[in-house]
There are 2 protein chains.
Amino acid sequence: MAKVSFREQVLRVREDAIVASVNRLLAEKGFDNMTVDEVAADVGIAKASLYKHFSSKEELAGAAMIRVLEQAQALMASLPAGAPAVDQLKAVARWTMQVQLAGEMPSLPAQNSTLRAALMANKPYLDRLMEVSDQLGAWIGAAQTAGDLNPRLPPEVVLYTLFARACDPVLSLLKVSGQHSDEQIIEMLLSTCFDGLSGQTSTTKSPS
Amino acid sequence: MAKVSFREQVLRVREDAIVASVNRLLAEKGFDNMTVDEVAADVGIAKASLYKHFSSKEELAGAAMIRVLEQAQALMASLPAGAPAVDQLKAVARWTMQVQLAGEMPSLPAQNSTLRAALMANKPYLDRLMEVSDQLGAWIGAAQTAGDLNPRLPPEVVLYTLFARACDPVLSLLKVSGQHSDEQIIEMLLSTCFDGLSGQTSTTKSPS
DNA sequence: GTCTATAAATCGATAGAC
DNA sequence: GTCTATCGATTTATAGAC
């Protein structure tokens, strides 16, 4: 029998609530404009109590990133194993856009150096990031071999592009314009991502 | 004879130096992590003197955005008028990527509400933004009519996508990886932007 | 572990002399 | 207009009682 006591489970539930709040606030305001006071108020505890669970604001962001990476891993594991690799990649891209439209994709500024340093020293985060990258990398290679992805593109470029589409500002711009449904937005951006603005090849329709 | 005195010209040169510093610092650290103290130190004047020229940090950012929009207008005006519209769009996209790789593309977080409010009240900025959007919109429509851009995409989506590629994090990710030259990075991202990750249509090579 | 209260540092913006 | 000096507000993080 495991040593997971009742008290530890309560602790775990509370920390999950904290990370969920951080995740939502990061998506809404970004790392720089999110304050620890807001997080504490949103969870409903005192700020000093928050710091008993997480030792810094950067660690809060790291925990939120670990959360989404684990959700991504769960999604990837749930995909049908036999499908073409390019379809797996599209499914992941679609999921990241859904998360973003739902206001649950944490956005971390690439320019904040203290945050970057903290994340690069966060081993649990780096481990998840590596695992997700490896799985995506395998699919990218397979899709290029199958001729479904441009084989002249370095896999690195494809990987970075997919990550970048998970926080593409185009999504929120189109959402606030209010002229398209969430599903329409996602399908259009999937089309521009895989088939480009020129769009000679179609993912959903045959040329007829 | 104009009333532009020597003193006004000195003032203008100094403000140009301020905006150039702001532009570089915005590209390097982003709006939230750029401090007015840094700007003053970079220009070599006291912070109080800076505030005699620009009344707030948001106005500094607006001036930097006006600067790049005017540079974009100058580039667009210099393009050969007879070329296909899609080539004009690619030329603009290429230029924005060059600016970004040169570390001179200011990056403004979309989530900072006070900054957004200030920009939306900044008429000179909005005017330039509208002019640039109109010129790009005309080219987008022409390229769609010519069959060089996917006609099923709303022009709005194409416009937003082009703006977003001007601050695409993929560029800096690839640059720090150090495996490709600036020219290679730009050509690859132009390819993924217009032809997609699938890349069945080629902009630079015939299928052969 | 949770709280109140506060330390310590940063930053945008201004006062006032020259 | 430029400077030095400082205000006032915000924010990360901690001290110490319970």
Side-chain angles (χ1 to χ4, degrees), chain A residues 4-19 21-22 25-26 28-64 108-109 111-119 121-122, chain B residues 4-19 21-22 25-26 28-64 108-109 111-119 121-122:
Chain A
V4 179
S5 65
F6 175 73
R7 176 163 299 182
E8 286 184 45
Q9 286 194 27
V10 170
L11 193 101
R12 175 67 176 273
V13 167
R14 166 135 301 181
E15 292 190 350
D16 283 348
I18 294 174
V19 177
S21 281
V22 170
L25 287 169
L26 282 180
E28 181 187 335
K29 331 183 62 171
F31 180 80
D32 291 321
N33 290 101
M34 178 191 79
T35 69
V36 180
D37 290 82
E38 280 175 330
V39 177
D42 194 63
V43 180
I45 62 176
K47 183 165 57 171
S49 305
L50 225 177
Y51 275 97
K52 297 285 182 179
H53 294 276
F54 301 91
S55 61
S56 71
K57 184 183 178 183
E58 284 77 16
E59 198 176 318
L60 283 174
L108 305 185
Q111 291 126 336
N112 188 320
S113 55
T114 61
L115 174 59
R116 283 201 71 82
L119 286 180
N122 189 331
Chain B
V4 179
S5 64
F6 176 73
R7 177 164 298 182
E8 285 183 45
Q9 287 195 28
V10 170
L11 195 102
R12 175 69 176 273
V13 167
R14 165 137 300 180
E15 291 189 351
D16 283 349
I18 294 174
V19 177
S21 282
V22 170
L25 288 169
L26 282 180
E28 180 187 336
K29 329 182 65 170
F31 180 79
D32 291 322
N33 290 101
M34 178 190 80
T35 69
V36 180
D37 290 81
E38 281 175 329
V39 176
D42 194 64
V43 180
I45 61 176
K47 184 164 58 169
S49 304
L50 224 178
Y51 274 97
K52 298 284 182 179
H53 295 277
F54 301 92
S55 62
S56 71
K57 183 183 179 184
E58 284 76 15
E59 199 177 318
L60 282 173
L108 306 185
Q111 290 126 337
N112 189 320
S113 55
T114 61
L115 174 59
R116 282 200 71 80
L119 285 181
N122 189 330

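The chains referred to below are lettered A, B, ... by the order of the sequence lines, with proteins before strands, and numbering in each begins at 1.
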For atom CG of A/Asp32 and atom C1' of C/dG12, their distance in whole Å: 16 Å
Toward the 5' end of DNA chain D, by each residue's nearest nucleotide, A/Met34 or B/Gly44: B/Gly44
B/Leu60 side chain near B/His53 side chain, heavy-atom distance below 4.5 Å: no
Minimum-distance nucleotide to A/Ile45 side chain [options: C/dC3, D/dC3, D/dT11]: C/dC3
Pair listing, salt bridge (Lys or Arg N to Asp or Glu O under 4.0 Å) test, anchored in residues 40-57 of chain B, at least two apart: B/Arg24-B/Asp42, B/Asp37-B/Lys47
Stretch residues 48-58 of chain B: residues that reach within less than 4.0 Å of DNA chain D through a heavy atom: B/Ala48, B/Ser49, B/Lys52, B/His53
B/Arg7 vs D/dG1: side-chain N/O to OP1/OP2 distance below 4.0 Å: no
Closest listed nucleotide, where the reference is the side chain of B/Val36 and the choices are C/dG12, D/dT11, D/dC3: C/dG12
Euclidean distance, atom NZ of residue B/Lys47 to atom C1' of D/dG1 [Å, nearest integer]: 17 Å
Nucleotide nearest A/Arg14 (side chain, heavy atoms from C-beta), chosen from D/dT11, C/dC11, C/dT2: C/dT2
Atom-pair distance (CG on B/Leu115; P on C/dG12), nearest Å: 13 Å
Non-hydrogen side-chain atoms of A/Pro109 and A/Asp32 separated by less than 4.5 Å: yes
Rounded interatomic separation in angstrom, taking CD from B/Glu59 and P from C/dA13: 10 Å
Result of checking A/Val22, A/Val36, A/Val43 against A/Leu50 for side-chain contact (heavy atoms from CB on, under 4.5 Å): A/Val36
Atom-to-atom span, CG of B/Asp37 to P of D/dT10 - whole angstrom: 18 Å
Nearest atoms (heavy-atom pairs only) where B/Ala40 meets B/Ala46: CB-C, 4.0 Å
Contact check, side chains of B/Ile18 and B/Arg14, non-hydrogen atoms, under 4.5 Å: yes
